[in-house]
Amino acid sequence: MGTLSLSATKYYRISVSAFFFIQGLVFSSWASRIPDIKDALHLNEAVLGSVLFALPVGQLSAMALSGYLVSRYGSKLVLTVAALLYPAALVGLGAASSIGQLTLGLFLFGITANLCNIAVNTQGVGVERLYNRSIMASFHGLWSLAGFCGGLVSTLMVGYDIPPLMHFCIIYAVTFAVLVTMRGSMLPRDAKPADEKKTKKVFVRPDRYILLLGLIAFGSMACEGTMFDWSGVYFETVIRPPKELIRLGYIAFMCTMACGRFTADRLVTRFGAIRVIRASGIVIATGLLLSVLFPHLTTATLGFLLVGFGTSSVVPLCYSLAGRSKTMLPGVALATVSTIGFFGFLLGPPVIGFIAHALNLRWSFALIALIGLTTTVAAPMLRQK
């Protein structure tokens, strides 16, 4: 991409950071209002789990398309369009008045979320190469910080009895303002593959290394999806705190996820990516089991804090490593890892709902704890690349 001045590089980083932030704000606005929408539509756990299935289906259905569009037209154009459509889909969720409308809305929300995700991460890979050091986790840290802020904003909205539709319209206005302000500072061209001669085709068969990264992302995303979709419901039905504390678990999770991502780059520099990923799986499982074995407000909140810290660095590291692939274009490599990883989102929410309906949420969370350990098991295999 040529030699750039330090000031230009910083502008690119600020712009990408802003888009990561609004992406996290949009998603957390939805996730933190799930209990309210569940109650408004009178959904039980099993039905909610089935409806939530539409979101990852939408994400997965757009994976190949996202990789193609980013590789064909560039992440700047795709991100510009996606940054308009993603919050618009959020407004549609707020306007849903039936199970069918909510299901369709979540499907569209998933498609636009994936377009935004692949495009903004491709921008992040390009900026990271300009810095020539690990900074991807800090981008994802801003996504998580936005999630934390989104949880606080939602708590405020609920406190003032502001319905989800009005809440989501406000979020749309914020994201539109950021897009208008930051679009001119976006990275104009995407990073090229490490070995351009081996990457002439847009679609190539993923190698073992990319598949392993996808498996690791799967374990982490299953746990993230559980926290996003079910943390509020878990507190509401299992922990049963006062109404104003129902979102405490979600906020705790997002808080440590953000903090962990802002420190992850330093940990990777000191201990290496593989050691960080291995430790993350153990921390995730410990946090989930703590909330299952000791279902009290203090212990469950502590457990969710651990889950947030454990999941914080896994996906950013997988994306960063995938973006350096020598055999695939960055956008396609990211889409491949995301495709495998998002099966965690695809399977997690409905599995939680079905098991909770048949048994209870504590059994569901125990299963997710075991899935989180796949990151620890698979990480050492990356050394054999």
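From a predicted model like this one, the values you see are computed outputs, not experimental measurements.
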At what distance, to the nearest 0.5 angstrom, does [atom1] of [X] lie from [atom2] of [Y]?
X: L65; Y: I118; atom1: CG; atom2: CD1; result: 11.0 Å
X: L90; Y: C169; atom1: CG; atom2: SG; result: 8.5 Å
X: C116; Y: I22; atom1: SG; atom2: CD1; result: 6.5 Å
X: T299; Y: I239; atom1: OG1; atom2: CD1; result: 6.5 Å
X: L317; Y: I274; atom1: CG; atom2: CD1; result: 10.5 Å
X: I99; Y: H42; atom1: CD1; atom2: NE2; result: 10.5 Å

Give a yes or no on whether [X] and [Y] share a hydrophobic cluster (residues Ile, Leu, Val, Met, Phe, Trp, Tyr; joining criterion: side-chain heavy atoms under 4.5 Å apart).
X: L321; Y: L130; answer: yes
X: L289; Y: F235; answer: no
X: L152; Y: L305; answer: no
X: M136; Y: V268; answer: yes
X: L84; Y: V120; answer: yes

Handout entry: Plane angle bin for F20 and F139 - parallel if under 30°, tilted between 30 and 60°, otherwise perpendicular
Key =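 Parallel, since the angle between the ring planes stays under 30°.
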Practice task
Classify the ring geometry between F109 and F27 as parallel (under 30°), tilted (30 to 60°) or perpendicular (over 60°).
Solution key: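 If you compare the ring of F109 with that of F27, the planes turn out parallel.
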Can you tell me if [X] uses its side chain to pair, donor with acceptor, with the backbone of [Y] under 3.5 Å?
X: E128; Y: G124; result: no
X: Q123; Y: L187; result: yes
X: S320; Y: P316; result: no
X: Y234; Y: T226; result: no
X: T376; Y: R278; result: yes
X: R362; Y: V292; result: yes
X: T375; Y: G372; result: yes
X: R275; Y: G272; result: no
X: S312; Y: F309; result: yes
X: S220; Y: I216; result: no

For the residue pair [X] and [Y], confirm or rule out a side-chain donor-acceptor distance under 3.5 Å.
X: S138; Y: R13; result: yes
X: T175; Y: Y86; result: no
X: R247; Y: S32; result: no
X: T311; Y: E224; result: no

[X] and [Y]: which non-hydrogen atoms are nearest, and at how many Å?
X: A82; Y: P87; value: O-CD, 4.2 Å
X: A322; Y: V337; value: CB-CG2, 3.6 Å
X: V307; Y: M227; value: CG1-CG, 3.8 Å
X: I371; Y: A222; value: CG2-CB, 3.7 Å
X: V314; Y: S280; value: CG2-CB, 3.6 Å
X: M381; Y: R208; value: O-NH1, 3.8 Å

Does the side chain of [X] reach to within under 4.5 Å of the side chain of [Y], using non-hydrogen atoms?
X: L248; Y: F304; value: no
X: I111; Y: F107; value: yes
X: V16; Y: M186; value: no
X: R33; Y: V158; value: yes
X: I171; Y: L25; value: yes
X: L245; Y: L297; value: yes
X: T298; Y: L302; value: no

Practice task
Mind jotting down which residue pairs meet the ring-ring contact (aromatic ring centres under 6.0 Å, His included) criterion with at least one end in residues 241-287? Sequence neighbours excluded, please.
Solution key: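 Qualifying pairs, neighbours excluded: F228-F253.
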Problem - Residues F19, M182; criterion side-chain contact (heavy atoms from CB on, under 4.5 Å); working and verdict - result: CA-CA 8 Å; F19 282 99; M182 292 295 175; 3.8 Å; yes
Exercise for the section: Would you sort out whether L52 and I34 count as a side-chain contact (heavy atoms from CB on, under 4.5 Å), showing the intermediate values? Expected result: CA-CA 10 Å; L52 292 176; I34 288 176; 4.3 Å; yes
Practice task
Could you walk me through whether C223 and L288 pass the side-chain contact (heavy atoms from CB on, under 4.5 Å) test, one step at a time?
Solution key: CA-CA 9 Å; C223 299; L288 285 169; 4.2 Å; yes
Exercise for the section: For I246 and V233, run side-chain contact (heavy atoms from CB on, under 4.5 Å): C-alpha distance rounded to whole Å, both residues' side-chain angles, the deciding distance at 0.1 Å, then the answer. Expected result: CA-CA 8 Å; I246 287 176; V233 178; over 6 Å; no
Problem - Atom CZ of F21 with >12 non-hydrogen neighbours under 6.0 angstrom - result: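 Yes.
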